[in-house]
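Working notes, structure below.
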Amino acid sequence: MTDLVLPTIDAYAAAVSLPETSTRRALREETERTMEFARMLVGPLEGAFLHLMTRLVQATRVLEIGMFTGYSALCFAEALPDQGRVITCDVDAASAAVARRFFAQSPHGRKIEIRMGPALETMAGLTGPFDLIFIDADKLNYVNYYRRALELLSPRGVILIDNVLWDGDVLVEPPPDERTAAIQELNRVVRTDTRVSAVLATIRDGIWIITPVPTA
Ligand SMILES: C[S@@+](CC[C@H](N)C(=O)[O-])C[C@H]1O[C@@H](n2cnc3c(N)ncnc32)[C@H](O)[C@@H]1O
């Protein structure tokens, strides 16, 4: 992934935003040292954004699709009240082992429940409503995740979807590969969905912020 936002600007924005906690910093540094695809982790600025969104929607139930080593799950858990819960989904045992170790070190880790297995199957078995749903897993399923997330979302809830600028490749026509095509398709689906209001915010690699239109 290249940087869509100048690294100096990103660093400045992170430095003046909500600070990264010491547990998250240690988790990020270990992930960067030991995991091949460490850049999948949202990082300090988007992490601060996820934390703030959790507080803004006064979430008590959060669903995350794509946990990796647990950085974003911790952003949600740290922002939740004591009785709040995050359900987070992944398929990768090695990443989950790292996440479990860091969740155990955090006073907020007990709010996080890990569900291993393909996220679409996990989502099929869940009961809503969730106040906040964060989609950040395999891109080919993004439209499927979005459709199921809408069914699980509370009427005043928010769906966040990560990497929707896909390193700028969303501009390329025809799409160079199937993952780019899947993200372009998601962006079309969201833009034309009259049930929701949505903004594609240019934070890091692009993030949809989506909420249902109120029904009369
Ligand atoms: C971009 S990373 C998530 C990063 C994480 N949200 C963070 O910021 O720390 C995507 C994760 O989705 C997981 N994943 C891929 N396909 C999946 C599937 N079908 N179901 C559940 N998780 C999946 C991968 O194993 C990977 O850990």
Side-chain angles (χ1 to χ4, degrees), residues 1-2 4 10 14 18 20-21 23-54 62-79 86-103 105-106 108-109 112-126 130 132-149 152 158-167 169 178-180 182-183 186 201 203-209:
M1 196 167 94
T2 56
L4 294 178
D10 190 75
L18 280 168
E20 188 179 43
T21 58
T23 311
R24 268 196 281 135
R25 186 181 327 109
L27 168 56
R28 179 171 55 77
E29 288 172 355
E30 177 172 321
T31 303
E32 286 166 355
R33 244 189 352 264
T34 63
M35 305 292 287
E36 190 181 354
F37 298 110
R39 286 209 67 180
M40 292 200 299
L41 173 157
V42 291
L45 180 62
E46 191 175 344
F49 172 78
L50 298 179
H51 183 106
L52 188 66
M53 285 300 297
T54 311
V62 176
L63 173 62
E64 174 177 75
I65 309 303
M67 170 182 71
F68 190 37
T69 54
Y71 188 94
S72 47
L74 270 177
C75 297
F76 297 121
E78 288 167 2
V86 184
I87 293 179
T88 182
C89 310
D90 213 289
V91 286
D92 183 55
S95 306
V98 177
R100 281 199 183 88
R101 197 154 39 76
F102 279 89
F103 295 166
Q105 289 171 27
S106 165
H108 304 280
I112 304 172
E113 182 188 335
I114 301 174
R115 298 281 187 96
M116 296 304 291
L120 266 183
E121 291 174 23
T122 304
M123 290 174 98
L126 290 174
F130 289 89
L132 191 60
I133 302 179
F134 181 48
I135 299 174
D136 189 20
D138 49 316
K139 310 311 170 200
L140 296 186
N141 269 314
Y142 259 25
V143 169
N144 296 327
Y145 293 144
Y146 170 66
R147 294 204 165 112
R148 179 62 182 146
L152 292 170
V158 170
I159 297 173
L160 303 173
I161 313 180
D162 203 18
N163 304 111
V164 290
L165 290 174
W166 203 230
D167 209 6
D169 282 355
E178 57 181 1
R179 288 195 297 172
T180 307
I183 290 175
L186 170 84
I203 298 170
R204 207 176 67 109
D205 195 26
I207 182 164
W208 273 118
I209 307 170

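Both backbone and side-chain heavy atoms feed into the values below; hydrogens, waters and symmetry mates do not. Read the numbers this way: they start at 1 and go in the same order the structure lists the ligands and their atoms.
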### Message
If you define the side chain from C-beta out and look only at heavy atoms, does anything of Val91 sit under 4.5 Å from Met116?
### Response
no
### Task
Identify, chain by chain and in numerical order, each protein residue with a heavy atom under 4.0 Å from an atom of ligand 1.
Met40, Leu41, Val42, Glu64, Gly66, Met67, Phe68, Tyr71, Ser72, Asp90, Val91, Asp92, Gly117, Pro118, Ala119, Phe134, Asp136, Ala137, Asp138, Tyr145
#### Entry: salt bridge (Lys or Arg N to Asp or Glu O under 4.0 Å) involving Asp90 - partner list, sequence neighbours excluded
none
### Message
Can you list everything that forms a salt bridge (Lys or Arg N to Asp or Glu O under 4.0 Å) with Glu29? Sequence neighbours excluded, please.
### Response
none
### Query
Is Tyr142 reaching over with its side chain to a backbone N or O of Asp162, donor-acceptor style, under 3.5 angstrom?
yes
### Query
Counting N and O atoms only, with roles assigned by atom type, does the side chain of Asn141 sit under 3.5 Å from a partner on the main chain of Asn144, one being a donor and the other an acceptor?
no
### Task
Just grab all the side chain to side chain donor-acceptor pair (under 3.5 Å) pairs involving residues 112-125, residues at least two apart or on different chains.
Glu113-Arg115
